[in-house]
Amino acid sequence: MEIIQQDIPYIQDALLEWYQANKRDLPWRRQSNAYYTLVSEIMLQQTKVATVIPYYERFISRFPTAHDLATASDDDVVKLWEGLGYYSRARNLHSAIKEVVATYNGTIPMDKGEISKLKGIGPYTTGAVLSIAYNQKVPAVDGNVMRVFSRIFALEDDIAKVSTRKKMESIAEEVIPDHSPGDFNQALMELGATICTPKSPQCLFCPVKDVCLAYEKGLEKVLPIKKKAKAPEKTVIVMYALSFNAQLLVQKRPSTGLLANMWSLPTEDRLEEMPFDNQIEEYCEVNGYSAKIFSDIYQYEHIFSHRHWKIMLVFVELANKPDFTPKRSIWVDKHTISDFAFPKVYLKALEQLGYRN
Ligand code: SF4
């Protein structure tokens, strides 16, 4: 192992002392409650603290206990997540909590094997909940912690690799103190979020600068090593705003795949072999829509984790309301549309259409 054993007690004491003096006052830190910790940790995945706070507060005030969340409808849960992205997190959290209520009477399990079997709970979340809420000595290694360890111990492993994460977990097991494991894990995360930041680490204010090898060697902006992932695959998408009498047709997306079960506008891939106008005409013909007018009103791009959509939003004013409404679809007006949860990519289109602010 490339870590310097005699520095470990210093790192433990310095980080814990710094954390006590500098920790941010965050709503999920105000009381010890494993359900609150779990909700906050799931929301914080891939998402900044400032973005999460209002979502977390709304979510906990609507579902203050695991029982409240377990008995909620999927639509209610996703609606509260609207705009936060990565919606499978909301669905997995909902399933996990239903399991917690059914099997563990509403108490998040304290056993590593049991908690990590819950839907959507990976090694990081397992470690975060067990250490923060139950004070167990379990590593919680996320991107922040990998960056901090790479720098303190001058590790040149590629942090995009699964094997590196495993190595970091072994390091964490050595570094986490027997006392205060939850505070220590949070101190590491906090240091990564506020001082040892990706682009401009504030080494002069860092509590562990005296033993940090990256600082000593001037490598703080070189580490961690992260090899570039492949760029997300690009697809051109046509999004239809089908309108009749100021009502808009909205559709629930398929129950699996990207943005599963979220509300959307009818969407299809752009057929490059066909002129654009012909594609719109064919779409209307196949679906039995008589288009009075149509216009390509807005183009924009949206990047998901593995996909990149180039979107052409088309407004189609129908001459008459179709005889039947397609499956999983509903006509809504400007007032009722706010009852439905749309992911960001569709909210952008609805804003352009004047249906959402
Ligand atoms: S000294 Fe600098 S590089 Fe090292 S842990 Fe602190 S902030 Fe990060």
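Order of listing sets the numbers, starting from 1, for every ligand and every atom in it.
- Taking every heavy atom of Glu220 and a limit of under 4.0 angstrom, the matching atoms of ligand 1 come to 3 (S).
- Within ligand 1, counting atoms from 1 as listed, the ones closer than 4.0 Å to a heavy atom of Cys206 are 1 (S), 5 (S), 6 (Fe), 7 (S).
- Aromatic ring centres of Trp28 and Tyr56: separated by under 6.0 Å.
- Among the atoms of Cys203, an N, O or S atom falls under 2.8 Å from atom 2 (Fe) of ligand 1.
- A ring-centre distance under 6.0 Å is found for Phe63 and Phe59.
- Every atom of ligand 1 with a heavy atom of Tyr215 under 4.0 Å away is listed here by number and element: 1 (S).
- Of all the heavy atoms of Lys209, the ones lying under 4.0 Å from any atom of ligand 1 are found in both the backbone and the side chain.
- Looking only at heavy atoms of the protein, atom 8 (Fe) of ligand 1 is closest to Cys196 SG, 2.4 Å.
- Heavy-atom contacts from other residues, nucleotides or ligands closer than 6.0 Å to NZ of Lys112 number 12 or fewer.
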* Determine, stepwise, if the pair Asn320 / Ser290 fulfils side chain to side chain donor-acceptor pair (under 3.5 Å). => CA-CA 7 Å; Asn320 39 53; Ser290 54; 3.1 Å; yes

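- The distance from ligand 1 to the heavy atoms of Cys212 drops below 4.0 Å at these ligand atoms: 1 (S), 3 (S), 4 (Fe), 5 (S).
- Side-chain contact annotation: Arg270 with Gln279, donor-acceptor N/O pair under 3.5 Å present.
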